[in-house]
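Letters A, B, ... mirror the listed sequences (proteins, then strands); counts begin at 1.
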Amino acid sequence: MIGFQYVARYGDGEHMMRLRFAPSPTGFLHIGNARTAIINYLLSKKYNAVLVLRIEDTDVERSSRESEESILRDLQWLGIQWHEGPDVGGNFGPYRQSERLEIYKQFSEQLLKNGNAYYCFCTQEELETMRARAFETGTYEYSGRCRNLSTAEKERFRAEGRKPTIRFRVPENETVIVDDAIKGKVVFSSENIGGDFIIVRSDGMPVYNYIVIIDDALMKITHVVRGEDHLSNTPKQILIARALNLPVPQYAHLALVMGNDRKKLSKRHGITSVDLYRKEGYLPEALVNYLAMLGWAAEDEREILSMQEIVAQIELEKLAKSAAIFDFQKLRWMNSHYVRLKSAIELLPLIQPYLQEVGIDANAVEREKLLRAIELLKPYCELLSDIKNFAPMLLSEIPAYDEEAKQILMSDEATILIKEAFSFFSETPSSDIGQFVNVVKAKTGFKGKQLFHPLRALLTGKLKGPELDQVISLLGYDGCKKRVEYAHRIYIEKLPLEGKL
RNA sequence: GUCCCCGUCGUCUAGGGGUCUAGGACACCGGGUUUUCAUCCCGGCAACAGGGGUUCGAAUCCCCUCGGGGAUGCCA
């Protein structure tokens with residue numbers, strides 16, 4: 001990782017700025033974590049910092065390699081790049097906590113030896129009972145009853161077959177100030193962080209609050225930018241750092257992302273995994289732009305900004321302190337903007353899977369026509385997947401009729417119009433297709449909506465779509481003729497349907 | 001319960017004592033362009049949680065209340 005320059009504003013004069021994103025591989029990349037990752041990435045670009053990806057997989061039950069892989073894939077899809085991580089290596093690895101157990105063990109021994117930690121033989125059941133009882137009276141805090149066990153007592157417990165956890169001995173009456181880049185100075189007292197907390201489980205696996213600070217120190221992380229849900233636990237981590245004589249990084253706690261009921265964003269609010277956003281046809285540019293703007297605004301009040309523009313303007317201290325509600329509507333709007341920004345050629349590979357879903361083989365369509373169709377349909381696609389609704393009107397032989405279109409086509413006016421359209425094709429040579437609309441207009445005497453509504457329904461099966469002239473031109477004489485004849489068979493001759501609709 | 005964070009239009013936000021009859025964006029409503037719908041353009045609706053201070057002056061500073069969120073796990 002050569003070439004990174006020290007950034008005067010944030011570095012300490014000796015080390016370059018180092019950031020990290022540390023997901024737990026217990027499922028898909030969640031939108032809230034994606035935002036944290038994006039902010040970290042943007043800051044790393046802005047300050048020329050190293051971005052470290054660390055996998056926090058000490059919850060053996062819930063962690064999986066598949067999750068890790070999907071998270072890495074989603075991060076890459078978003079355009080996030082990291083300099084060190086389990087996949088690319090680096091000088092401060094390994095980058096999976098499950099592969100660093102020996103390291104943590106040494107620190108645990110040190111803590112035990114110095115009396116900063118002790119074995120606790122309380123069982124989970126005992127703790128639950130204590131917690132439940134405390135809940136009735138009010139505040140709960142671990143009693144510290146194993147703090148001063150004699151050797152004999154420990155022996156007895158071990159003989160019973162109890163496997164101890166290791167608890168950190170929380171110092172009395174110590175003030176911990178978290179100087180947060182976003183929240184400002186937050187003051188805690190060691191008196192009310194819940195008592196001595198477990199740092200190593202009875203099966204020997206260390207716990208998050210304990211090793212996160214060790215890894216941040218060992219990986220020389222200078223700035224920890226993470227979700228606000230970690231703020232309350234930060235004093236525990238700092239106390240550990242003090243006991244171990246480890247440096248404490250600069251913190252920045254990001255306000256959380258909520259659902260529309262002000263509750264933590266979850267599945268019932270809509271889709272929450274980045275993976276699903278991709279499948280629904282959101283563009284990574286849109287997601288990055290939206291998530292970056294959630295809790296931050298550009299000086300010139302512009303909302304659509306490229307990654308480079310955001311990087312140029314974003315600053316840790318200017319990020320919002322308050323939680324933001326995730327607005328799916330605005331994301332869609334932003335996505336539609338990015339869809340329109342792309343050329344038909346760029347869009348083609350992205351929409352091909354959706355075309356396939358509605359039975360359109362892009363390779364079988366003349367390329368020129370395909371690109372023209374995409375160009376025409378672009379403004380109608382908020383999501384890439386919306387192409388499924390619109391592509392058939394230009395690329396299928398006979399598109400299906402919408403309910404609304406059916407209603408229109410059954411009207412008396414449509415009957416007149418379909419007949420006139422039908423006779424147009426039996427009387428007029430193909431070179432005169434350009435006259436189609438005007439001829440029908442003249443023959444029927446219809447105009448405006450009265451003319452275009454049924455005509456659009458007849459030709460495209462929908463009431464919405466690109467300019468009809470363009471549609472007709474793209475479909476060509478034969479294409480239009482087929483559709484008119486088809487509608488004529490159904491609505492005028494009332495012949496039974498054949499073939500696909 | 002306890003500790004911590006937060007509180008400007010429905011939503012995201014601008015705002016750091018006077019330039020605020022509070023600005024922008026999404027959504028919504030109206031109008032225009034389009035021989036039609038959408039796109040696009042123009043316009044409108046709409047907020048400083050409440051109460052006390054401090055000050056000549058408070059959305060901005062302080063306190064209280066209320067409301068929301070987070071933590072309080074052998075989860076992260």
Nearest-neighbour nucleotide for the A:Lys330 side chain, B:C37, B:U13, B:A25 considered: B:A25
Contact check, side chains of A:Leu287 and A:Ile38, non-hydrogen atoms, under 4.5 Å: no
Sugar-phosphate only, base, or nothing, as touched by A:Leu468 at under 4.0 Å among non-hydrogen atoms: base
Per-pair stack call A:Phe452 and B:U36, 5.5 Å, 30°: yes
Minimum-distance nucleotide to A:Lys464 side chain [options: B:A76, B:A38, B:U36]: B:A38
Sugar-phosphate, base or nothing in reach of A:Ser189, heavy atoms under 4.0 Å: nothing
Sugar-phosphate, base or nothing in reach of A:Cys381, heavy atoms under 4.0 Å: nothing
Touch class at under 4.0 angstrom, heavy-atom based, for A:Gly295 against every strand present: sugar-phosphate
Minimum side-chain heavy-atom gap A:Arg372-A:Ser473 below 4.5 Å: yes
Sugar-phosphate only, base, or nothing, as touched by A:Glu56 at under 4.0 Å among non-hydrogen atoms: sugar-phosphate
Sugar-phosphate only, base, or nothing, as touched by A:Gly465 at under 4.0 Å among non-hydrogen atoms: base
Mutual orientation of the aromatic rings belonging to A:Phe326 and A:Tyr290 [parallel < 30°, tilted 30-60°, perpendicular > 60°]: perpendicular
hbond_proxy A:Ser322 side chain to B:G7 base (donor-acceptor, 3.5 Å cutoff): no
Residue A:Lys264, side-chain atoms from C-beta onward, closest of B:A38, B:G73, B:A71: B:A71
Under-3.5 Å donor-acceptor pair between A:Glu301 side chain and B:G23 base: yes
Derivation of the side chain to side chain donor-acceptor pair (under 3.5 Å) call for A:Gln450 and A:Glu413: CA-CA 8 Å; A:Gln450 189 188 26; A:Glu413 285 173 348; 3.1 Å; yes
A:Asn438 side chain, from C-beta outward: closest of B:A27, B:U35, B:C3: B:U35
Watson-Crick or G-U wobble partner of B:A49, both distances under 3.5 Å: B:U65
Pairwise P distance, B:C63 and B:C4 [rounded to whole Å]: 13 Å
Touch class at under 4.0 angstrom, heavy-atom based, for A:Lys441 against every strand present: base
Within 45° cone of A:Phe168 ring axis and under 6.0 Å: A:Lys236 NZ or CZ: no
Inter-nucleotide C1' distance (B:G50, B:A58), Å rounded: 16 Å
Syn or anti for B:G16 (syn when the glycosidic angle lies within 90° of 0): syn
Pairwise P distance for B:C5 and B:C62, with rounding to whole Å: 13 Å
Who pairs with B:U39 - Watson-Crick or G-U, where each distance is under 3.5 Å: none
Side chain of A:Leu256 - closest among B:G69, B:A27, B:U34: B:G69
For B:U72, the Watson-Crick or wobble counterpart (both distances under 3.5 Å): B:G1
Touch class at under 4.0 angstrom, heavy-atom based, for A:Leu463 against every strand present: base
Nearest-nucleotide pick for A:Glu303, side chain only, options being B:A76, B:C4, B:G24: B:G24
A:Arg262, nearest nucleotide to its side chain (from B:U36, B:G68, B:U35): B:G68
Base partner of B:G16, which must satisfy Watson-Crick or wobble distances under 3.5 Å: none
Heavy-atom side-chain proximity of A:Ile240 to A:Phe197 below 4.5 angstrom: yes
B:G44 to B:C61 separation - C1' atoms, rounded to the nearest Å: 36 Å
Proximity to the side chain of A:Leu127 - top-ranked nucleotide from B:U11, B:C74, B:C5: B:C74
Exceeds 12 heavy-atom contacts within 6.0 angstrom, atom OH of A:Tyr338: yes
Closest to side chain of A:Trp333, choosing from B:G70, B:A27, B:U13: B:A27
Among B:C4, B:C74, B:A76, the one nearest A:Val186 by side-chain distance: B:C4
Sugar-phosphate, base or nothing in reach of A:Lys462, heavy atoms under 4.0 Å: nothing
Touch class at under 4.0 angstrom, heavy-atom based, for A:Arg62 against every strand present: base
Under-3.5 Å donor-acceptor pair between A:Ser202 side chain and B:C74 base: yes
Base partner of B:U55, which must satisfy Watson-Crick or wobble distances under 3.5 Å: none
Sugar-phosphate, base or nothing in reach of A:Met334, heavy atoms under 4.0 Å: nothing
Sugar-phosphate, base or nothing in reach of A:Phe188, heavy atoms under 4.0 Å: sugar-phosphate
Integer angstrom distance from the P of B:C48 to that of B:G7: 16 Å
Sugar-phosphate, base or nothing in reach of A:His253, heavy atoms under 4.0 Å: nothing
